[in-house]
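Some notes on the structure that comes next.
Quick note on labels: first sequence line is chain A, next is B, and so on, each numbered from 1. All values derive from a computational prediction rather than experimental measurement.
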Amino acid sequence: GAVVSQHPSRVICKSGTSVKIECRSLDFQATTMFWYRQFPKQSLMLMATSNEGSKATYEQGVEKDKFLINHASLTLSTLTVTSAHPEDSSFYICSAPDSKSLQETQYFGPGTRLLVL
Amino acid sequence: GQQVMQIPQYQHVQEGEDFTTYCNSSTTLSNIQWYKQRPGGHPVFLIQLVKSGEVKKQKRLTFQFGEAKKNSSLHITATQTTDVGTYFCAGKRTNAGKSTFGDGTTLTVKP
């Protein structure tokens, strides 16, 4: 199946700093990528839909100025958590659908564990 | 908005017992997908169902899509310890660009 990479896998930062997370589709082009947040033992919460060449679409309750998304190319989307606080500590996962596949499969990245001290 | 409910939240079984998780949507779906997330890992695609009443099998796993395309189930026959993890359904409405995930069912298997 298609491969999606995510970097970094883990990050620890001080409160008030910004953290950038990269999501790459390695062997296919993704005009759309999804960013999720998952708290321990909870479901995936969709934060935003990243669209190549246009603005991201944010879900209700997600601050677009705090979670900056840039979809600069057909293989790369970035999520920047600005002025991170301890409550932003979570598991962030991206996914990308392979539009050329027969099934609308979402391929998930391995996730990024963010810990804000 | 669309809601996708999944039950049960947790299921503990003895190895060899069967397991079923159910997914119900508040709206009619164009398709439903099932994912498995191992502890500490990320979700991995299992299958997609599209047709009303569709049944698909993958070895010990049986997936069903309801006639009304509003519910689905995943049944595992004779569970093994390798089946542990959280199983998520994700339903997509017609003409919607995104899927809505259920809360997941976490399966633990006692050897």
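Cluster membership for B/V13 and B/L61, using ILVMFWY side-chain heavy atoms within less than 4.5 angstrom, is shared. Grouping the Ile, Leu, Val, Met, Phe, Trp and Tyr side chains by contacts below 4.5 angstrom, directly or via other members, places A/F91 apart from A/V81. Under a hydrophobic-cluster definition in which Ile, Leu, Val, Met, Phe, Trp and Tyr are linked whenever side-chain heavy atoms come within less than 4.5 Å, directly or via other members, A/I93 and A/I21 are assigned to different clusters. By the criterion of side-chain heavy atoms lying less than 4.5 angstrom apart, applied directly or through intervening Ile, Leu, Val, Met, Phe, Trp or Tyr residues, A/V19 is grouped together with A/F67 in one hydrophobic cluster.
The backbone N or O of B/G104 sits nowhere less than 3.5 Å from a side-chain atom of A/S43 that would complete a donor-acceptor pair.
Of the inter-residue distances, the one linking A/L44 atom CG with B/T100 atom OG1 reads 11.5 Å to the nearest 0.5 angstrom. Between the CZ atom of B/F101 and the OH atom of A/Y36 there is a distance of 4.0 Å, given to the nearest 0.5 Å.
Summarising the local packing, OH of B/Y22 is surrounded by 12 or fewer heavy atoms from other residues, nucleotides or ligands at distances under 6.0 Å. When the shell of 6.0 Å around NZ of A/K66 is examined, it contains more than 12 heavy atoms from other residues, nucleotides or ligands.
When each of A/Q38, A/Q42, A/M45 is checked for heavy-atom pairs under 4.5 Å with chain B, A/Q38 comes out on top.
With a threshold of 4.5 angstrom between heavy atoms, B/Q6 does not approach chain A through any atom at all.
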Do A/Q6 and B/H42 pass the side chain to side chain contact (heavy atoms under 4.5 Å, CB included) test, and can you show the C-alpha distance, the side-chain angles, and the key distance before you say yes or no?
CA-CA 11 Å; A/Q6 221 175 307; B/H42 61 279; over 6 Å; no
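A pairwise comparison of heavy atoms in B/Q33 and A/Q106 identifies OE1-N, 4.3 Å as the closest pair.
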